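Being a predicted model, the structure only gives us computed values, none of them experimental. Whatever order the structure lists them in is the order used to number ligands and atoms, beginning at 1.
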Amino acid sequence: MTTLYLIGNWKQHGSRASIAAFASQWSFEGHERLAVAIAPPFPYIGELGAALPNCLLAAQDCSIHEQGAHTGEVSVGMLADVGCRFVLVGHSERRVHHGETDELIGRKLAAVQAAGLTPVLCVGEDSATREAGDQNHAVRAQLGGALPAIASQLLIAYEPVWAIGTGLTATPDQVDDMHAVIKAEVNALLGGDSEIPVLYGGSVIPETAEALFGCPHVDGALVGGASLDPDSFAAIARSARNSLSD
Ligand code: PEP
């Protein structure tokens, strides 16, 4: 039985007032095979959980350290303590702007799994790589560089860098082809038929959601900009729900 995952990434946006406004407008009827989560900035995780009880909680990043003299860091134990279920790891904005390497991302991934939470490993090629036709090779290299030996408790988000926050959504064919490549590579790396869910991210909006959820290899979406608007995010969630056969 397939489960779909829809995760909103609020990045560095939000306030107590915007969470209250979001919650007062948020209208969505859940489904047992659809997990909807939001990753707000760290300070708002608890507030969001209280305001949106039918939404799961996610974090945008984590530390590799359990505790100690690491100013500014947030551990996976703390994230579990405040009710997070998912942690984004290796988002392209962290790779590009914070110099995160595959090696560091792999350590974060292992830390998240060890705490009993589910990492969402983000991978995706930049525009030059796509133009050169090297996207499959680049994404396989990111997977090989970061994946742990543990197949369970893992989601992967395919997020082509050229589609993030640009309004350029990858076509359903481009997405489905890459998701098939990712699933095959994960099975080759982890062995067997691990059936790791693969989400798509990159300028998903209500108008593009239905076609994306209709792709056979798409198991959900990671949504940035459109997740800040409760009506848009709920419309994307409804598309996901409608794509689930009863
Ligand atoms: C993201 O930040 O993960 C993302 C997919 O952003 P957007 O939907 O705005 O492209």
Side-chain angles (χ1 to χ4, degrees), residues 4-14 18 22 26 35-42 44-45 48 55-62 79 84-100 105 108-109 112 118-127 129-130 135 138-139 142-143 146 154-172 174-176 178-179 182 197-213 215 217-240:
L4 288 181
Y5 298 85
L6 176 63
I7 303 180
N9 175 14
W10 281 7
K11 310 192 188 194
Q12 198 178 9
H13 295 287
S18 74
F22 190 102
W26 172 247
V36 179
I38 292 180
F42 290 135
Y44 299 121
I45 290 173
L48 189 77
C55 223
L56 300 169
L57 295 170
Q60 299 175 19
D61 186 30
C62 66
L79 296 174
C84 277
R85 287 272 292 277
F86 305 97
V87 183
L88 306 187
V89 175
H91 191 281
S92 63
E93 287 156 13
R94 297 219 51 92
R95 292 177 189 260
V96 174
H97 304 305
H98 299 271
E100 292 201 1
I105 291 162
K108 289 188 177 189
L109 227 153
V112 175
T118 301
V120 184
L121 171 63
C122 302
V123 295
E125 80 285 357
D126 61 20
S127 59
T129 306
R130 167 68 63 171
Q135 63 274 9
V139 168
Q142 288 175 327
L143 291 170
L154 172 67
L155 303 179
I156 292 177
Y158 169 53
E159 298 211 301
V161 178
W162 49 272
I164 295 180
T166 58
L168 297 172
T169 313
T171 65
Q174 287 173 322
V175 173
D176 206 51
M178 180 58 88
H179 283 214
I182 290 171
V198 182
L199 288 57
Y200 169 74
S203 298
V204 177
I205 52 174
E207 292 76 3
T208 54
E210 187 182 339
L212 289 165
F213 291 128
C215 295
H217 297 98
V218 171
D219 305 303
L222 178 54
V223 181
S227 71
L228 292 165
D229 175 61
D231 293 339
S232 296
F233 196 51
I236 295 169
R238 273 193 295 278
S239 278

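Side-chain contact annotation: Trp162 with Glu125, donor-acceptor N/O pair under 3.5 Å present.
Heavy-atom minimum distance, Val112 versus Thr118: CG1-C, 3.8 Å.
By the side chain to side chain contact (heavy atoms under 4.5 Å, CB included) test, Val161 is found to be paired with Ser92, Asp126, residues two or more places apart in sequence or in another chain being considered. Glu93 is linked by a side chain to side chain contact (heavy atoms under 4.5 Å, CB included) to Lys11, His91, His97, Ile164, counting only residues two or more places apart in sequence or in another chain. Considering only residues two or more places apart in sequence or on other chains, Ala209 meets the side chain to side chain contact (heavy atoms under 4.5 Å, CB included) condition with Val204, Phe213, Ile236, Ser239.
For ligand 1, the protein residues placed under 4.0 Å by at least one non-hydrogen atom are Asn9, Lys11, His91, Glu159, Ala163, Ile164, Gly165, Gly201, Gly202, Ser203, Leu222, Val223, Gly224, Gly225.
In this structure a side-chain-to-backbone donor-acceptor pair under 3.5 Å is missing from Asn9 to Gly224.
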